[in-house]
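To keep things clear, I will list the structure first and then write my remarks on it.
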Amino acid sequence: MKVMIDTGNYIAAKAAIMAKPNVVAAYPITPQTTLVEGIAKYKETGEFKGEYICVESEHSAMSACIGASATGVRVFTGTSSHGLLLMHEMLHWAALSRLPIVMCNINRVVGPGWNIWADENDSIAQRDTGWIQFYVSSNQEIFDTVIQAFKIAEHEKISLPIMINYNAFILSHTSMPVYIPEQEEIDEFIPKRKPTWKLDVDNPITFGNIILPDAYIEVRRDMQRAQDYARNYIKKVAEEWREKFGRYHGDLIDRYRCDDAEYIILTMGAIGAESRIAVDNLREDGLKIGLARVRVFRPFPKEDIVELSKKADFIVIDRNISVGMGGALSAEVKSALYGNSDTKVYSYIAGLGGKDVTFKDIEKMIRKVVDGKVKTLEWYSLEE
Amino acid sequence: MAIKDLPLEEHYIPGSAACPGCPASMALRMVFKAIGKKMIMVVPACCTSVIESLHPYTSFDIPLLNIAFEAAAAASSGVAAALETMGRDDITVVAWAGDGGTYDIGLQALSGAFERGTNFIYICYNNQIYSNTGIQRSGATPYAAWTTTTVGGKTEFRKEMGEIVQAHHIPYVAQTSIGYPEDVYRKVKKAKEIKGPKYIEILAPCPPGWRFDMSKTAEMGKLAVETGAWALYEVENDKITFNGKSKLILEGKMKRKPVEDWLKLQGRFRHLFVPERDEKRLKEIEDHIDMLWRRYRSWVGIEK
């Protein structure tokens with residue numbers, strides 16, 4: 001094991017090539033560019049031995065990934081924001097095809113106006129595509145999750161694509177030290193993909209032709225079952241990673257000081273990392289605050305959320321907005337609680353458009369709730 | 001090669017859901033004969049999404065990936081790249097798309113795949129309409145043709161896809177017509193042996209779309225060539241050769257038939273003849289074809 005100090009994107013590129021994908025197809029977009037440049041560099045040096053397809057759009061990137069994955073090989077890509085939105089049709093296609101593609105999405109604001117900073121609306125808008133969605137909060141977690149994702153996506157009972165989301169610049173362009181396992185250890189952790197179906201001249205099938213309603217419903221039901229299965233398998237893989245490499249970022253949820261908490265912060269991505277500091281500071285002042293950083297948004301950790309609600313009220317901080325409703329995580333949390341808990345849920349919208357959300361901001365949000373000054377939905381930084 | 005000398009091998013097997021007289025089915029048989037079993041076909045939304053038959057059945061005895069309307073060329077790049085990493089240079093990747101998926105919605109992905117040198121054959125079976133959705137105009141629909149979105153006849157001329165593709169300077173570009181199955185077979189067979197991007201466009205007269213009798217598909221494909229409304233040519237490494245009757249027309253050894261001979265057999269041009277002849281538009285069509293042939297002659301260095 002060695003330590004590499006680099007930005008989130010270069011760490012993602014390193015993880016991707018160590019997973020030895022046969023094909024990477026990607027199109028550059030800020031702030032994902034250094035990820036594809038990283039892959040291109042590894043291709044140039046020969047460390048990446050697969051094919052790197054420089055496509056002419058993100059729609060084609062995902063289409064090429066689907067074509068490659070359909071032959072039964074390992075595939076990786078990365079994108080962000082408008083690139084992800086352009087892929088939308090093919091995201092559905094990949095998931096309905098049950099192809100285990102792994103993709104990093106660097107969460108960036110959706111325009112107009114043009115804005116390249118952190119915001120989760122791009123990936124939240126892909127919620128219903130059938131992709132498994134991770135939201136990670138450190139460069140180490142980026143590395144570890146990319147490797148874990150191949151194991152999860154390629155599991156025969158899951159066979160679904162996985163999107164690993166991390167915040168623009170806060171992670172993508174920030175250097176942190178990251179432990180890198182030996183290549184042999186990774187090879188052992190994620191052996192060669194064994195496809196559940198593939199395009200094969202010796203066993204020809206027609207994939208994706210016209211399907212009638214009765215069979216289509218089965219396809220959807222099977223996807224739901226696969227996501228349900230993934231809920232437990234993700235936990236298992238996180239455990240296996242901890243045993244092998246001694247690192248752990250939580251399973252579906254990263255829990256921090258939740259045991260005796262009266263209020264638990266629920267959030268995703270980089271705000272989750274910042275919230276740890278806020279929790280420590282607030283605890284020093286005697287406030288019993290915990291943190292449940294939701295690491296996996298799809299499949300949604302329903303049971304874990306209900307379990308956490310038994311002793312604490314929730315404060316949800318969303319760096320996204322489903323306009324006309326509210327924060328997406330908040331809505332999902334309330335949905336999970338319905339009929340299972342009467343825990344109060346306080347919701348904040350914060351950090352949209354890349355506005356910085358520091359531990360001090362989070363402390364302010366929490367204190368306001370504790371002081372009884374928050375009703376249901378608050379827009380942090382707009383109310384003052 | 002005569003039709004009787006074509007291989008007996010068939011990968012277009014019973015169970016097809018094609019219309020009677022379907023030109024795409026005829027062309028597919030030729031493609032399968034020319035390439036054989038070792039191929040992977042990528043099909044975007046087009047008539048072939050239906051022709052191939054319904055889940056859980058298939059009428060094609062080769063592996064096939066259906067893909068979104070605009071994505072055939074890009075998905076083929078993925079398939080080809082994956083095969084490359086597996087050292088499977090014995091498998092031919094074929095994108096098989098209609099004119100909608102080629103001229104219009106799929107043009108960007110097609111251009112991208114050609115520019116980046118994807119090793120595949122892109123075949124456009126051109127029936128000059130969006131036929132799978134029920135006969136709407138496409139960029140390939142000829143001037144004055146009736147479609148459900150051009151009820152008085154299309155007001156624009158079709159684009160020259162062959163020229164757009166040639167501008168990519170790929171190793172092989174060809175136009176053919178299902179009126180000449182041996183020409184289709186020969187060109188696909190030739191493309192199979194060439195590495196890099198290949199483009200073949202097959203004119204595919206569609207009985208319900210063009211409004212002619214289902215027994216006349218091949219005849220309509222021949223008349224298009226004889227009237228000069230369509231040209232048979234192939235371009236190998238930027239060197240162009242006209243084939244069959246198109247070669248004769250080009251070299252002045254055969255006078256092309258009046259385009260009316262082709263138009264008046266198609267219900268989609270009926271309004272040019274009934275209730276009275278539309279001399280203006282008929283002349284515009286002839287003039288346009290003359291212009292195209294002047295261009296063709298200039299390509300091969302024939303003046304006039």
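What you see is a predicted model, and the numbers here were worked out from it, not measured in a lab. Lettering follows sequence order; numbering is per chain, from 1. The figures here come from the full heavy-atom set of this structure, side chains too, leaving out hydrogens, waters and symmetry mates.
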B/Leu54 and A/Leu212, any side-chain heavy atoms less than 4.5 Å apart: yes
Interchain contact, B/Thr48 with chain A, by part (heavy-atom threshold 4.5 Å): neither
B/Phe60 versus A/Thr206, closest heavy-atom pair with distance: O-OG1, 4.2 Å
Stepwise side-chain contact (heavy atoms from CB on, under 4.5 Å) test for A/Ile53 and B/Arg116: CA-CA 8 Å; A/Ile53 313 177; B/Arg116 65 181 165 260; 3.6 Å; yes
Closest heavy-atom pair and its distance - B/Ala81, A/Glu51: O-CG, 3.5 Å
Steps toward side-chain contact (heavy atoms from CB on, under 4.5 Å) verdict (A/Glu89, B/Glu70): CA-CA 10 Å; A/Glu89 179 191 27; B/Glu70 65 279 54; 2.7 Å; yes
Portion of A/Met90 that has a non-hydrogen atom of chain B nearer than 4.5 angstrom: side chain
Over 12 non-hydrogen atoms of neighbours within 6.0 angstrom of CE in B/Met214: no
Structural part of B/Glu84 lying under 4.5 Å from a heavy atom of chain A: side chain
Contact class of B/Val50 relative to chain A, heavy atoms under 4.5 angstrom: both
Over 12 foreign heavy atoms within 6.0 Å of CD, A/Glu188: no
Most chain A-contacting option - heavy-atom pairs closer than 4.5 Å, from B/Glu52, B/Lys38, B/His11: B/Glu52
Greatest number of heavy atom pairs closer than 4.5 Å to chain B - which of A/Val73, A/Asp200, A/Asp202, A/Asn203: A/Asp200
Close side-chain approach of B/Pro63 and A/Val201, heavy atoms under 4.5 Å: yes
Shortest non-hydrogen separation from B/Gly112 to A/Glu56 and the atoms involved: CA-OE1, 3.7 Å
Heavy-atom contact with chain B under 4.5 Å, split by part of A/Ala70: side chain
Chain B contact via A/Val55 - side chain, backbone, both or neither, heavy atoms under 4.5 Å: both
Any donor-acceptor pair under 3.5 Å from A/Asn22 side chain to B/Ala82 backbone: no
Criterion side-chain contact (heavy atoms from CB on, under 4.5 Å) on B/Thr58 and A/Ile205, from CA distance to verdict: CA-CA 8 Å; B/Thr58 182; A/Ile205 56 158; over 6 Å; no
Among the listed options A/Ile211, A/Leu199, A/Val75, the residue most often paired with chain B at heavy-atom distances under 4.5 Å: A/Leu199
B/Lys37, NZ atom: more than 12 neighbouring heavy atoms under 6.0 Å: yes
Heavy-atom contact with chain A under 4.5 Å, split by part of B/Met39: backbone
For A/Asn209 against B/His55, the heavy-atom pair lying closest together: ND2-N, 3.4 Å
Interatomic distance, A/Trp93 atom CH2 to B/Leu65 atom CG [nearest 0.5 angstrom]: 8.0 Å
B/Arg186 atom CZ, over 12 foreign heavy atoms within 6.0 Å: yes
Chain B contact via A/Cys54 - which portion, at a heavy-atom distance below 4.5 Å: backbone
Crowding at CG, B/Asp90 (>12 non-hydrogen neighbours, <6.0 Å): yes
Verdict with reasoning, B/Ile67 to A/Ile66, per side-chain contact (heavy atoms from CB on, under 4.5 Å): CA-CA 9 Å; B/Ile67 200 77; A/Ile66 289 167; 3.7 Å; yes
Atom NZ of A/Lys198: over 12 foreign heavy atoms under 6.0 Å: no
